[in-house]
Amino acid sequence: MKTYNITLLKGDGIGPEIVDQAVKVLNAVGKKFDFTVNYTDALIGGAAIDATGEPLPQATIDDCLASDAVLLGAVGGYKWDGLSGKQRPEAGLLGIRAALGLFANLRPAKIYGPLKSACPLRPDIIGDSMDIMVVRELTGGIYFGERGRTEKDGVEGAYDTEYYSKPEIVRIAKVAFETAMKRGKKLHSIDKANVLESSRLWRETVNEMAKEYPEVEVNHLYIDNAAMQLVRNPKQFDVMVTSNIFGDILSDEASQIAGSIGMLASASLGEGTRGLYEPIHGSAPDIAGQNIANPLATILSVAMMLRYSLNEDAAADAIEKAVEKVLDDGLRTPDIYTEGTTKIGTDAMGDAVAAAL
Ligand code: IPM
Ligand code: MG
């Protein structure tokens with residue numbers, strides 16, 4: 001029987017409770033598809049700060065490097081909000097993305113049929129479905145550019161730098177084109193080329209690469225227009241590729257169209273098969289420990305892990321079907337609850353998906 005080594009970075013807030021549900025589901029799917037999983041718990045974020053004084057201990061990086069894939073809950077919380085940049089829990093998340101070379105962040109935003117009523121857009125705007133893949137650059141741009149505090153003419157100021165090297169754009173664009181080839185062959189590249197030089201290089205580079213993918217229809221949109229188009233006519237989008245910060249913003253917007261940020265999974269990938277999988281939502285400290293958080297985004301992240309890192313496509317499909325079944329059965333955590341459905345807790349949702357397998 002195959003065995004996979006998975007590092008769990010449960011993190012802060014609702015992180016531990018949602019990761020526990022995902023582990024339940026991964027164990028259940030393993031029984032069905034004949035594999036076992038070895039888990040290693042490692043510290044990140046606020047939990048790591050409390051235990052070791054730093055948000056990303058070297059031991060955590062080592063554990064992740066030694067595993068087939070990493071499953072992350074969420075980081076951050078009020079308790080650590082007062083810390084300076086490099087000491088914050090979020091620095092742990094940025095650090096592990098960089099340490100593992102995870103430059104490509106895939107964030108699918110899709111509406112599950114039974115959750116259509118949770119979509120805030122009018123039914124005629126949404127139509128039958130929405131199924132978008134946001135491909136976000138994850139280890140470059142303003143998140144990792146030079147930053148600092150400075151003084152000009154005796155006045156206090158601060159700066160952050162958006163920088164992209166051409167190879168960084170080439171490798172993320174390649175992921176986006178390949179993704180588009182496997183889907184609807186339509187790519188929107190999002191930038192701010194009317195103002196930013198880094199965006200002009202981005203656009204030029206995407207256009208150069210488009211020659212290698214003649215089957216893919218390429219469109220360019222400015223970020224402000226893209227944000228508007230996403231609520232005006234989301235059906236026009238198949239794959240969207242964009243920089244780190246624009247992707248951060250657009251993927252939250254897309255998640256809301258899909259009904260709840262509690263539903264959206266993500267995969268962060270590099271050159272090899274080892275990836276990091278996490279829900280796109282945060283640590284939600286206001287609802288932590290109350291057994292009301294939605295574990296489905298984390299469970300769906302496990303499906304992405306099976307598909308992209310472990311080459312277990314059938315198991316991934318089975319999880320996605322099980323999630324649909326549970327939703328069809330009317331089971332809902334409070335964030336996606338509507339009248340006439342059955343409200344259940346985090347734990348019961350994990351059990352229900354495992355049982356549906
Ligand atoms: C995300 C989050 C992170 C990001 C934060 C927590 C640093 O918002 O994964 O989208 O901005 O990348
Ligand atoms: Mg974000």
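Everything numeric in this text was worked out from a predicted model, so none of it was measured. Each ligand, and each atom within it, is numbered from 1 in the order the structure gives.
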**Q** Among protein heavy atoms, which sits nearest to atom 10 (O) of ligand 1, and what does the distance come to when rounded to 0.1 Å?
**A** Asp248 OD1, 2.9 Å

**Q** Any N or O of Glu278 that comes nearer than 3.5 Å to an N or O of ligand 1?
**A** no

**Q** Have a look at ligand 1 and work out which part of Arg88, if any, has a heavy atom under 4.0 Å from it: side chain, backbone, both or neither.
**A**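 It is neither; nothing of Arg88 touches ligand 1.
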
**Q** Distance-only, no hydrogens or angles: does the Asn294 side chain make a donor-acceptor pair with backbone N or O of Leu296 under 3.5 Å?
**A** yes

**Q** Do Thr36 and Thr3 have a side chain donor and acceptor closer than 3.5 Å?
**A** yes

**Q** With no hydrogens and no angle check, is any side-chain donor or acceptor of Thr161 less than 3.5 Å from a backbone partner on Tyr163?
**A** no

**Q** On the 0 to 90° scale, with breaks at 30° and 60°, tag the Tyr4-Phe35 ring pair as parallel, tilted or perpendicular.
**A** perpendicular

**Q** Under 3.5 Å, is there a donor-acceptor pair linking the side chains of Tyr164 and Asn244?
**A** no

**Q** Whether the side chain of Asn105 engages the backbone of Ala267 through a donor-acceptor N/O pair (distance < 3.5 Å, no angle test) should be reported.
**A** yes

**Q** Tell me the protein N, O or S atoms under 2.8 Å from the Mg ion (ligand 2), in chain and number order.
**A** Asp248 OD1

**Q** Which ligand 1 atoms does Tyr143 reach within 4.0 Å, using its non-hydrogen atoms?
**A** 4 (C), 11 (O), 12 (O)

**Q** I'd like to know if the side chain of Glu17 reaches the main chain of Gly289, judged simply by a donor and an acceptor atom lying under 3.5 Å from each other, with no hydrogens or angles considered.
**A**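 Judged by distance alone, yes, a pair lies under 3.5 Å.
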
**Q** With a 4.0 Å heavy-atom cut-off (strictly under), which part of His281 contacts ligand 1: side chain, backbone, both or neither?
**A**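 His281 to ligand 1: no contact under 4.0 Å from either part.
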
**Q** Below the 3.5 angstrom mark, is there an N/O of Glu90, backbone or side chain, next to an N/O of ligand 1?
**A**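 No, since none of the N or O atoms of Glu90 sits under 3.5 Å from an N or O of ligand 1.
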
